[in-house]
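Both backbone and side-chain heavy atoms feed into the values below; hydrogens, waters and symmetry mates do not. All values derive from a computational prediction rather than experimental measurement.
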Amino acid sequence: QVQLVESGGGLVQPGGSLRLSCAASGSIFRINVMGWYRQAPGKERELVAAITSGGSTNYADSVKGRFTISRDNAKNSMYLQMNSLKYEDTAVYYCHADVQSQWYRREYWGQGTQVTVSS
């Protein structure tokens with residue numbers, strides 16, 4: 001089994017910054033792609049940013065220039081630096097990882113961390 005644990009969420013004022021972390025543990029040979037998703041009340045879950053093991057990144061248009069995704073392969077960890085936060089960024093943010101063990105490749109989700117942008 002693999003566990004993903006998010007941290008760093010909280011209440012922030014508009015224009016503020018927040019840094020989310022995701023730590024993966026368990027039976028891991030390689031994590032191929034990791035990403036951050038978010039889901040606001042009444043809306044579908046959407047991809048915020050993703051990063052490959054080689055460092056290639058993709059961002060949703062709504063966060064380009066404001067958010068930065070990174071990872072530490074040695075620590076099996078991923079981060080999301082969120083700057084210039086807007087009210088529209090309010091959502092539960094989920095860590096996602098495509099994990100390869102010795103015999104299997106499976107997808108895992110974290111439990112989510114709440115990010116609230118409010119004045």
Side-chain angles (χ1 to χ4, degrees):
Q1 274 289 330
V2 173
Q3 296 81 40
L4 303 179
V5 179
E6 301 110 329
S7 62
L11 177 63
V12 189
Q13 293 184 334
S17 298
L18 208 60
R19 187 174 190 249
L20 305 183
S21 299
C22 173
S25 62
S27 181
I28 300 171
F29 174 72
R30 175 187 177 92
I31 303 179
N32 299 300
V33 179
M34 301 185 76
W36 290 97
Y37 291 73
R38 68 185 182 187
Q39 186 168 22
K43 296 185 178 181
E44 296 182 354
R45 186 174 300 186
E46 64 175 348
L47 176 68
V48 177
I51 184 168
T52 69
S53 61
S56 180
T57 60
N58 284 318
Y59 295 92
D61 290 339
S62 60
V63 306
K64 286 182 179 178
R66 300 188 298 118
F67 291 9
T68 302
I69 188 171
S70 61
R71 64 188 287 174
D72 186 334
N73 292 334
K75 297 181 179 180
N76 288 325
S77 298
M78 176 181 62
Y79 312 94
L80 185 67
Q81 179 65 46
M82 304 184 294
N83 298 326
S84 302
L85 283 162
K86 304 175 180 179
Y87 175 82
E88 307 91 84
D89 297 318
T90 296
V92 177
Y93 284 70
Y94 296 91
C95 176
H96 176 268
D98 178 16
V99 180
Q100 181 179 336
S101 66
Q102 184 177 8
W103 303 109
Y104 306 100
R105 174 182 287 184
R106 297 178 180 177
E107 297 182 358
Y108 295 89
W109 292 92
Q111 296 184 22
T113 184
Q114 177 71 48
V115 172
T116 302
V117 183
S118 177
S119 60

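- In this structure, Arg45 is positioned above the aromatic face of Tyr94, its NZ or CZ under 6.0 Å from the six-membered ring centre and within 45° of the axis.
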Start with the C-alpha distance between Ser53 and Arg30, add both sets of side-chain angles, then the distance that settles side-chain hydrogen bond (donor to acceptor under 3.5 Å, both in side chains), and finish with yes or no.
CA-CA 8 Å; Ser53 61; Arg30 175 187 177 92; 2.7 Å; yes
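- Atoms SG and CE, from Cys95 and Met78 in turn, are 3.5 Å apart once rounded to the nearest 0.5 Å.
- Following chains of ILVMFWY side-chain contacts shorter than 4.5 Å, one cannot reach Leu20 starting from Tyr37, and the two form parts of different hydrophobic clusters.
- Considering NE2 of His96 and CH2 of Trp36, their distance stands at 12.5 Å, rounded to 0.5 Å.
- Asp98 and Gln100 form no side-chain donor-acceptor contact under 3.5 Å, judged by distance and modelled atom types alone.
- Rounding to the nearest 0.5 Å places CD1 of Ile51 at 11.5 Å from CD1 of Ile31.
- At distances below 3.5 Å, not a single donor-acceptor pair connects side-chain atoms of Arg71 with backbone N or O atoms of Tyr79.
- Panel note: side chain Glu6, backbone Gln111; a donor-acceptor pair is recorded below 3.5 Å.
- Cys22 contributes atom SG, which lies 11.0 Å from atom CH2 of Trp109 (distance to the nearest 0.5 angstrom).
- Of the possible polar contacts, none joining the Ser101 side chain to the Ser27 backbone as a donor-acceptor pair under 3.5 Å is found.
- In this structure, the side chain of Thr113 engages the main chain of Gly9 through a donor-acceptor pair within 3.5 Å.
- A salt bridge is absent between Lys86 and Asp89: the closest approach of a Lys/Arg side-chain nitrogen to an acidic carboxylate oxygen does not fall below 4.0 angstrom.
- Asn83 places none of its side-chain heavy atoms less than 4.5 Å from the side chain of Phe67.
- Looking only at atom types and distance, the side chain of Glu88 has no donor-acceptor partner in the side chain of Thr90 under 3.5 Å away.
- Two residues are said to be in side-chain contact when any heavy atoms from C-beta on lie closer than 4.5 Å; Val99 and Arg106 fail this criterion.
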